[in-house]
Every structure is written in C-alpha cells, then in structure tokens.
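Only heavy atoms go into these numbers, but all of them, side chains included; no hydrogens, no water, no symmetry mates.
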Amino acid sequence: MADCPERCHCSSPPKMHHHDPNLYHQDGKPYHHEGKPYHPDAKPLPRRQQKPPAPSSSGTARLCVVLVGFFVLLGIIALILYLVYRPSHPHFSVTSLSILSLSNSTLPFNTISTSAQVTILIRNPNKRSSISYDSLSAFLSYRNQAITYSTQLPALAQEPGSALALSPVVGECAAIPVSYDVMEGLMTDEMYGLVGLRLVVQGRIRFHPGPFYGRWGTLYVRCDLLVAARNGFTGQVPVLGNPNCYVDP
C-alpha cells in the first residue's frame, strides 16, 4: 500500500453491518427494525391479524333451491296419486218395486200406511278403490213428504268394480200423518194408475283408494220413481222412466 501523505491519516473504511438476506417477515418483506442492525436474537414483529372474510350467501341459495325442488317433487307425487286413486261416486239404481200395502185413513186424522219392497243395485265404478257404507237407512216419500218411517239397512263393504243388490222392506204398514193435499193427491194418482214416489237412502260412506283410507262422509241418494200402481193393487209394479238415482256423497 502506498504511503499516505503526512496530513492524511490512513484508516480502513468503516465496517457496514448487512442484513441477512435470508431473513424475511411472514408477509415476504425483508426484516428491518428501525434501521438497527440485525441481531440473531431479535424477535420478528407480530403479524397483523386480518379480519375473516364475510360468509358467502351461496350456501343459503343452494339450500333454498334444494327445499323448493323437494316440495315441487312432493306435489307432483301427490298429484299423480290423486289422479290414479281418485274415487268416483257409486251408482245407485232401483231395479224393481213391489207394493205390499198402500192405504189411507181420515180418522182421527189423515194418515197413509205404506209397505213396499225395493230392490236397490249399487255399483262401484272404481277399479282401485273399495267403499264402505255405514248407518244406512231408507224411506219412501210422496210430494216431498215422507209416507214411511226410515228402515235401517246393514253396513256394507264393496270391493273395487263390484256390484251389490239390496231388497229391504220399507214402511212395514206403519201409519204416517200427512197433509190433506198429500193424501188427496195420492188417491188421485192411484185412480189414474201412475204414482210418483221418491226413495231416499241416507248414511255414511268411506273410500279406500289403494293403500290409503279416506274419512267418513255423508251419503245422500235420491231415486225418483214413476210406478204403475192402482188403488188396492198389491204385488210387483212396473218402474217407468229412468231408474238411476242422484248421489250426493
């Protein structure tokens, strides 16, 4: 090394402390501590905590879609079952009627004594539904006024697509009080040989569509008959007109 001038002092350049290039913060930036030189025992600054991200609404939307699809599927299944097992009203018809007794009296008041045997045919048009009948009763009326008391009928169970026939005796010759117009009208119709009667059947009905059981409902059957009957005649009489009945379950 060359000699230094007298006025100059030879000295080596100051030593610089360099940071370890391999020391970094957790965020990837080099570690500096207020310009101080790196010390092996120096602790890194704590990492700044970040707020958790807001929950996404995609999970709620997916759950709503699943629930809507589930209820739509249930509705479609219920509609298919209803269309397949939907029950239809049973068909009632009167096939024959026999007058056993028909008389009237004016003492001590106007009464009519009637007894008749009616054959009722019940058809179940359902191929997948059976029918149960309970608390059945039947009576005859003339001009919307009963001329017999109600006769109790047995409980019935009808298979799908089957037919049942009943032949109850209605009235049993019990005297029924009636108005004067009803008694005079019945006597006049007997003179002409055509009597309009109505058979009413009431009770309860329940359908059994496939594996399901329905609730008990009210059954009301109205059969309007026109029979060829004359005064004092007993026995089977012709049933004229439409023998089918109106059913209101």
Is it the case that the side chain of [X] and the backbone of [Y] share a donor-acceptor pair, with hydrogens and angles ignored and the cut-off at 3.5 Å?
X    : Y    : answer
N104 : N110 : no
N124 : S129 : yes
D134 : A155 : no
R215 : R206 : no
Y133 : Q158 : no
T148 : L140 : yes
Y149 : A174 : no

To check you understand the geometry: which heavy-atom pair defines the closest contact between [X] and [Y], and what is its length?
X    : Y    : answer
L153 : P168 : CD2-CB, 3.4 Å
P125 : H89  : CG-O, 3.4 Å
F207 : S88  : CE2-O, 3.5 Å
A229 : V237 : CB-CG1, 4.3 Å
P209 : G214 : CD-N, 4.4 Å
V201 : A138 : CG2-CB, 4.1 Å

Do [X] and [Y] belong together in a cluster built from hydrophobic side chains that touch within less than 4.5 Å?
X    : Y    : answer
V227 : M187 : yes
I80  : L73  : yes
L156 : F92  : yes
V247 : L164 : yes
F233 : L186 : yes

Rounded to the nearest 0.5 Å, what's the gap from [atom1] on [X] to [atom2] on [Y]? Could you check?
X    : Y    : atom1 : atom2 : value
T188 : N231 : OG1   : CG    : 10.5 Å
S135 : I205 : OG    : CD1   : 12.5 Å
S103 : I112 : OG    : CD1   : 9.0 Å
R230 : D189 : CZ    : CG    : 11.5 Å
H91  : I122 : NE2   : CD1   : 12.5 Å
S132 : H208 : OG    : NE2   : 3.0 Å

For the residue pair [X] and [Y], establish whether any side-chain heavy-atom pair is separated by less than 4.5 Å.
X    : Y    : answer
V195 : E190 : yes
P160 : N126 : no
Y142 : T114 : no
L199 : L97  : no

| From CA spacing to verdict: side chain to side chain contact (heavy atoms under 4.5 Å, CB included), I147, F139 | CA-CA 8 Å; I147 59 175; F139 66 90; over 6 Å; no
| request: Let me see the working for L102 and T234 under side chain to side chain contact (heavy atoms under 4.5 Å, CB included), right down to the final yes or no. | output: CA-CA 8 Å; L102 181 59; T234 59; over 6 Å; no
| request: Report the C-alpha separation of L194 and L226 in whole Å, then their side-chain angles, then the decisive distance to 0.1 Å, and conclude whether the side chain to side chain contact (heavy atoms under 4.5 Å, CB included) test is met. | output: CA-CA 7 Å; L194 290 177; L226 184 63; 4.3 Å; yes
| query | Which residue pairs pass the disulfide (SG to SG under 2.5 Å) test when at least one of the two sits in residues 209-247, sequence neighbours left out? | reply | C223-C245
| All salt bridge (Lys or Arg N to Asp or Glu O under 4.0 Å) counterparts of D224, not counting sequence neighbours | R198, R222
| remark: Per side chain to side chain contact (heavy atoms under 4.5 Å, CB included), V178 is matched among E184, Q145, R143 by Q145
